[in-house]
Amino acid sequence: MITPGPRRHRRAIAAATAALLASIPLSGCGPGDRRQRDDAVPAALRPFYEQELRWEPCGEQQCATLDVPMDYTAPGNGRTFTLPLIRATAGNRDRRIGSLVFNPGGPGESGVAMLRDGGIETFGERLRERFDIVGFDPRGVGGSRPAIDCGADDEAEPTGEADEADSGPHTLHPATARQRAAALTAAEQTAAACREHSGAILPHVGTTDAARDMDVLRAALGDAGLSYLGRSYGTSLGTAYGELFPRKVRAMVLDGAIDPSLTWSQRALSQARGFREAVDDYAEHCSDVVGEACPAGTPEAVRGLLKRLYEATADRPLPVEDSEWGLDTATLHSAVTTSMYTPEEQWEPLSLALGEADRGDGTRLAAIAAGEPPAEDEQNAEEESPATDDETVDSTGDADSALTAVNCVDIPHPKDPREYWEALDEAHRAEGDHGSDAVVAALGCKGWPQAGPGPHRVRADGLPPVLVVGTTGDPSTPYHEAQSLARQLPHGMLLTYEGLGHTAYGRAGACVDAAVDAYLVDLTPVEPGKTC
């Protein structure tokens, strides 16, 4: 494990800041002013704001649906999204504060599926006692109707011939003209498939509209102010809500923060650096976390094994059971990077898979890259997953399609391929394969419709204190982005977790959980410089 660094307590500054926070109202609006503010809603939106949710039992929770306008500039045209909702009701109804709305990330992750599949355990006991925990699928995501579809099921499995042609789209760093042409073609084919299957809704799936949906949800839940916990992409959704409705926020936690001021290329480089450093953390701390399961005995030996596998798979894919394609470098890279999110759960399966790959078998790594559970966990997963026939918890939308669509719609991307190749060369020099992979992924956004505000610093006058949680070893949302977002928020508070993995609440221990719970329940401010 990483040893926490020295904590810098500045008592005078902390006392002054605590006094300032005490003088700022932490509730966005009180019970007495809800009618006045919701009455300010345009007449065309009132049917959405005034709808009554019909909660029905679904497993151990309750489910409902929420209708929101597809186009907020024309809410009365009859076109809507229907969003599935799920809630676990507060354990102590007499002391219930209200609803705690959450988003698990993505974009493309289903809040309904997370709660349905046991995610309630990631929320502290105090939160479960005092709040209804409410999850939803954002517009276009999961069980939303309609949902984003980019034709993923129509994609054919690559063939070995494509790899041998030196032009396959699976090259991590397309350096030759043929490789770049192939990468561009693959990106354009994905965009074309999205337009074919979901073209009518693509301009309406951005984060700004999803944040407007959250205000409709807040009103339908009967809350004067929104209490919200967003992880990863959920921090972008929360930030957007705070900018649109700053005085309707009661409390907001943004865990694994995304900096809205970054351009597409800055964001790609930031995330590439985060994953590169996380893989180095894996090499450095593998033995500490997984013990004898580590595929090599020293950090240098782990780095050497990874280098050896990257070089070997670049020449010839490793055999994979029941697959003619095998494990190429791109699949290896995917398996390694996706295993950086939760070291306590993912590093041991990765370590065992790397050991088998070093002995010539890429089957386990291919399964990790495909998101499949380890063979020994498949039966447990089936037994633990609660079955239900209720269609309101259906989460069939393609998460990868939603991730692509929302990212592309939100952030302006250049139309000229040359700008991507310039960014690619810079990213590869700085971050190696991680940099190349991040820019090639962004290439898929070339030519998409734009609906987001673009890179900007937060503008949210009247927003109460918001708690930003940053993890120093976060691969996907690097710590410096949490620092930046906390500075941009009018009264941002930063809670630092000195550790590894993506996000902190619910997985980093009692120190983080207690601070988050105290803020959400009691609106207790976090002291400046608070570190766990």
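Positions are given from 1 along the sequence.
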May I ask you to decide if [Y]'s main-chain N or O and [X]'s side chain share a donor-acceptor pair within less than 3.5 Å?
{"X": "Ser484", "Y": "His480", "value": "no"}
{"X": "Thr472", "Y": "Gly499", "value": "yes"}
{"X": "Ser227", "Y": "Gly225", "value": "no"}
{"X": "Gln450", "Y": "Trp448", "value": "yes"}
{"X": "Glu121", "Y": "Gly118", "value": "no"}
{"X": "Gln346", "Y": "Thr342", "value": "yes"}
{"X": "Glu243", "Y": "Ala460", "value": "no"}

Restricting to non-hydrogen atoms, name the atom on [X] and the atom on [Y] that form the minimum distance, rounded to 0.1 Å.
{"X": "Arg507", "Y": "Leu500", "answer": "NH2-O, 2.8 Å"}
{"X": "Pro455", "Y": "Ser261", "answer": "CB-O, 3.6 Å"}
{"X": "Ala402", "Y": "Ile148", "answer": "CA-CD1, 3.8 Å"}
{"X": "Thr503", "Y": "Gly256", "answer": "CG2-CA, 4.2 Å"}
{"X": "Ala147", "Y": "Gly142", "answer": "CB-O, 3.9 Å"}

Please verify the inter-ring angle class for His333 with His434; under 30° counts as parallel, over 60° as perpendicular, anything in between as tilted.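 If you compare the ring of His333 with that of His434, the planes turn out tilted.
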Do Phe131 and Phe123 have ring centres separated by under 6.0 Å?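 No: the rings miss the under 6.0 Å criterion.
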When you look at [atom1] of [X], are more than 12 heavy atoms from neighbouring residues, nucleotides or ligands closer to it than 6.0 Å?
{"X": "Glu426", "atom1": "CD", "result": "no"}
{"X": "Glu60", "atom1": "CD", "result": "no"}
{"X": "Arg95", "atom1": "CZ", "result": "no"}

Report the distance from atom [atom1] of [X] to atom [atom2] of [Y], rounding to the nearest 0.5 Å.
{"X": "Leu254", "Y": "Leu467", "atom1": "CG", "atom2": "CG", "answer": "8.0 Å"}
{"X": "Arg459", "Y": "Leu244", "atom1": "CZ", "atom2": "CG", "answer": "10.5 Å"}
{"X": "Arg231", "Y": "Ser476", "atom1": "CZ", "atom2": "OG", "answer": "14.0 Å"}
{"X": "Asn407", "Y": "Arg267", "atom1": "CG", "atom2": "CZ", "answer": "8.5 Å"}
{"X": "Leu85", "Y": "Gln62", "atom1": "CG", "atom2": "CD", "answer": "11.5 Å"}
{"X": "Asp137", "Y": "Asn103", "atom1": "CG", "atom2": "CG", "answer": "9.5 Å"}

[X] versus [Y]: any side-chain heavy-atom pair under 4.5 Å?
{"X": "Cys294", "Y": "Val302", "answer": "yes"}
{"X": "Tyr282", "Y": "Val336", "answer": "no"}
{"X": "Arg126", "Y": "Leu520", "answer": "no"}
{"X": "Thr337", "Y": "Pro475", "answer": "no"}
{"X": "Val41", "Y": "Phe48", "answer": "no"}
{"X": "Lys307", "Y": "Arg303", "answer": "no"}
{"X": "Leu269", "Y": "Glu431", "answer": "yes"}
{"X": "Thr239", "Y": "Gln488", "answer": "no"}

Are Glu481 and Ser270 close enough, and set up right, to give a side-chain contact (heavy atoms from CB on, under 4.5 Å), and what steps lead you there? CA-CA 8 Å; Glu481 295 195 38; Ser270 173; 2.6 Å; yes
Below 4.0 angstrom, N of the basic side chain to O of the carboxylate: do [X] and [Y] qualify?
{"X": "Asp215", "Y": "Arg218", "value": "yes"}
{"X": "Asp223", "Y": "Lys248", "value": "no"}
{"X": "Arg139", "Y": "Asp213", "value": "yes"}
{"X": "Arg276", "Y": "Asp437", "value": "no"}
{"X": "Asp259", "Y": "Arg457", "value": "no"}

Under 3.5 Å, is there a donor on one side chain and an acceptor on the other for Asp132 and Thr89?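 No.
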Partners of Asp474 by side chain to side chain donor-acceptor pair (under 3.5 Å), sequence neighbours excluded?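 Once residues adjacent in sequence are excluded, the partners of Asp474 under the side chain to side chain donor-acceptor pair (under 3.5 Å) criterion are Thr477, His502.
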Given side-chain contact (heavy atoms from CB on, under 4.5 Å), test Phe136 with Leu66 step by step and report yes or no. CA-CA 9 Å; Phe136 69 104; Leu66 178 79; over 6 Å; no
Taking only residues two or more places apart in sequence, or in another chain, which ones meet Arg130 in a salt bridge (Lys or Arg N to Asp or Glu O under 4.0 Å)?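 Applying salt bridge (Lys or Arg N to Asp or Glu O under 4.0 Å) to Arg130 gives none.
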One pair to check against side-chain contact (heavy atoms from CB on, under 4.5 Å): Ser339 and Ile368. What are the steps and the verdict? CA-CA 8 Å; Ser339 297; Ile368 291 173; 3.5 Å; yes
Residue that, paired with Tyr505, satisfies side chain to side chain donor-acceptor pair (under 3.5 Å) out of Asp513, Asp517, Thr122, Asp255: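 The option that passes is Asp517.
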Suppose the criterion is ring pair (Phe, Tyr, Trp, His ring centres under 6.0 Å): which pairs have a residue in residues 214-270, not counting sequence neighbours?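 Matches after skipping sequence neighbours: Tyr241-Phe245, Trp264-His413, Trp264-Tyr420.
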Stepwise side-chain contact (heavy atoms from CB on, under 4.5 Å) test for Asp281 and Met340: CA-CA 9 Å; Asp281 285 335; Met340 296 299 108; over 6 Å; no
